[in-house]
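Below, chain A is the first sequence line, B the second, and so on; all start at residue 1.
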Amino acid sequence: MEKNSKQLSHVFEKYMKNKPVFHQKQFLQSNYMPDTIEHRDKEINTIAEISASALRNEKPSNIFIYGKTGTGKTLTIQYTMNQLNETSQAHNIPLKILYINCKLKKIADTEYRIIAQLIRELGKEVPPTGLPTDEIYKIFINIIDQEQQIIILVLDEIDQLVKKAGDEILYNLTRLNTELKKAQISIIGISNDLLFSDNLDPRVKSSLSEEELIFSPYNALQLKSILKKRSDIAFVDGVIEQGLIEKCAAYAARDHGDARRALELLRVSGEIAEREGSKKVMISHLDLAESKIEKDRIIDLVSTQPKQHQIVLYSILKIADKRQKVIFTGEIYEYYKGICIETSIRPLTQRRVSDIIAEFDMLGLITGKIISKGRYGRTREVNLSIPDESKVKIKQILKDSLNV
DNA sequence: GTCAATTCACATGAAAGAGACCACGGTCTAGTG
DNA sequence: CTAGACCGTGGTCTCTTTCATGTGAATTGACGA
């Protein structure tokens with residue numbers, strides 16, 4: 001105990017002695033809301049013009065926003081909505097803006113939960129489950145229809161919602177206006193998936209996307225100026241090596257101009273530099289940061305998987321260990337069953353395991369390809385896409401949590 | 001040799017079941033006046 | 001008499017199972033040159 005505390009105090013002392021590279025780190029955090037949003041003036045204006053009719057107590061058109069992750073969709077909307085909200089409050093206009101991020105599980109991935117969450121946003125309590133769905137609609141209608149008002153409903157990551165809960169909810173929401181006597185609802189949908197609306201019910205599609213807006217990815221130049229601006233306030237002056245920002249921007253621009261990723265990269269680079277006790281943030285730190293982010297992501301992903309999924313993944317890893325070649329679903333299932341018997345866990349059916357493997361593909365842990373081996377059937381060809389240096393650690397994690 | 005039929009080993013879909021939650025309303029019980 | 005404990009019912013949600021159907025090319029086998 002004594003020893004430990006000495007060691008610890010040593011660590012802290014050392015930390016204190018080092019010159020910090022960060023000045024105000026929170027400016028690099030993804031939830032930070034800058035005062036000005038760069039390179040999105042056009043979009044902000046468009047949204048503002050459309051939604052401004054709410055100030056005249058008319059229902060604004062529904063807006064549909066597309067764009068890849070990290071292109072500033074959420075930020076832009078939140079920014080404009082904040083402004084709108086302030087204006088409406090200043091002029092005493094009955095306007096409510098509800099923001100829901102559909103990606104957050106447990107909050108908004110079913111029809112019921114969305115409505116329940118909306119009601120909660122409006123300040124009323126409602127049971128998290130147990131009520132019939134139409135009941136909750138009635139409660140919702142009652143609450144908002146009490147007074148004359150415009151409600152702007154922002155559904156972030158709406159594609160996730162539809163994927164899980166179907167598009168019926170959107171239909172119901174758009175149709176709600178006909179049942180409301182006093183209030184009116186306007187919907188702003190935000191989607192990461194550019195092809196999302198293709199799979200929508202045409203009725204929903206037409207009513208939802210009265211106005212459409214596409215956020216194109218930032219290019220390297222724009223990313224650079226965003227990074228520059230943020231790093232100026234986030235880092236101590238002069239700690240950033242020449243060319244680091246540029247490289248960081250280039251990295252992020254390479255995979256679809258994701259600003260969030262660029263900022264994270266920059267932040268982690270700084271953290272690594274700081275931990276090393278380096279006075280400057282170097283390009284080598286950036287490289288380390290990139291692999292660290294990826295590694296952390298995978299490890300986090302793996303350790304939060306449910307048990308059955310972990311067993312399947314463990315099987316894949318084990319088989320991949322034995323041979324370099326590609327793996328087929330059948331083999332995985334056989335191996336998986338073996339482990340289940342060993343650990344006396346009831347094995348899932350092949351059908352389910354097949355789905356689980358497909359899920360891993362979605363998560364990017366493996367790359368799967370459906371191939372036909374002619375006479376010898378059709379199967380998924382699985383390739384592990386976990387980098388070698390993470391493999392050992394992941395296997396350890398899986399081993400521990402499964403105790404095999 | 002050519003061409004269509006066959007066949008394999010799964011993929012992919014749809015529907016329905018199991019079990020965990022949870023709210024609500026009714027009933028029972030013990031404590032209180 | 002009443003607050004709180006304790007069911008039973010009816011609803012949702014997630015994860016699975018069951019049953020059905022789909023699928024792409026290697027293989028097979030009939031056919032004709």
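Residues E276(A) and H285(A) bring a donor and an acceptor atom of their side chains to less than 3.5 Å of each other. When only modelled atom types and interatomic distance are considered, N82(A) and E86(A) share no side-chain donor-acceptor pair under 3.5 Å. A donor-acceptor contact closer than 3.5 angstrom is absent between the side chains of E157(A) and N101(A).
Rounded to a whole Å, the NZ atom of K373(A) is 12 Å from the P atom of dT27(C). Separating the CZ atom of R346(A) from the P atom of dT16(C) is a distance of 9 Å, rounded to the nearest angstrom. I115(A) has its CD1 atom 17 Å from the C1' atom of dG11(C), to the nearest Å. Taking atom CD1 of I332(A) as the reference point, atom C1' of dC10(B) lies 12 Å away to the nearest angstrom. Atom CG in D355(A) sits about 15 Å away from atom P in dT18(C), given to the nearest Å. Between the P atom of dG24(C) and the CZ atom of R380(A) lies a distance of 14 Å, rounded to the nearest Å. If you take CZ of R375(A) and P of dC10(B), they are 15 Å apart, rounded to a whole angstrom. Spacing between atom CD1 of I371(A) and atom P of dT12(B) amounts to 13 Å, rounded to whole angstrom units.
Here Y376(A) reaches the OP1 or OP2 of dT27(C): one of its side-chain N or O atoms lies under 4.0 Å away. The side chain of S354(A) contributes no N or O atom lying less than 4.0 Å from OP1 or OP2 of dC10(B).
The nearest heavy atom of DNA chain B to G377(A) and to R351(A) marks one nucleotide each, and the one closer to the 5' end goes with G377(A).
Relative to the six-membered ring of F328(A), K373(A) meets both conditions, a distance below 6.0 Å and an angle of at most 45° to the axis. Stacking of R352(A) on the aromatic ring of Y333(A) is not recorded, the 6.0 Å distance cut-off and the 45° axial limit not both being met.
Picking from dA9(B), dC13(C), dA26(C) the nucleotide with the shortest atom distance to the side chain of Y112(A) gives dC13(C). Closest to the side chain of R378(A), out of dT17(C), dA9(B), dT27(C), is dA9(B). Set against dA25(C), dT16(C), dC13(C), the side chain of S372(A) has dA25(C) as its closest nucleotide.
The base of dT16(C) is not paired with the side chain of R352(A) by any donor and acceptor separated by under 3.5 Å.
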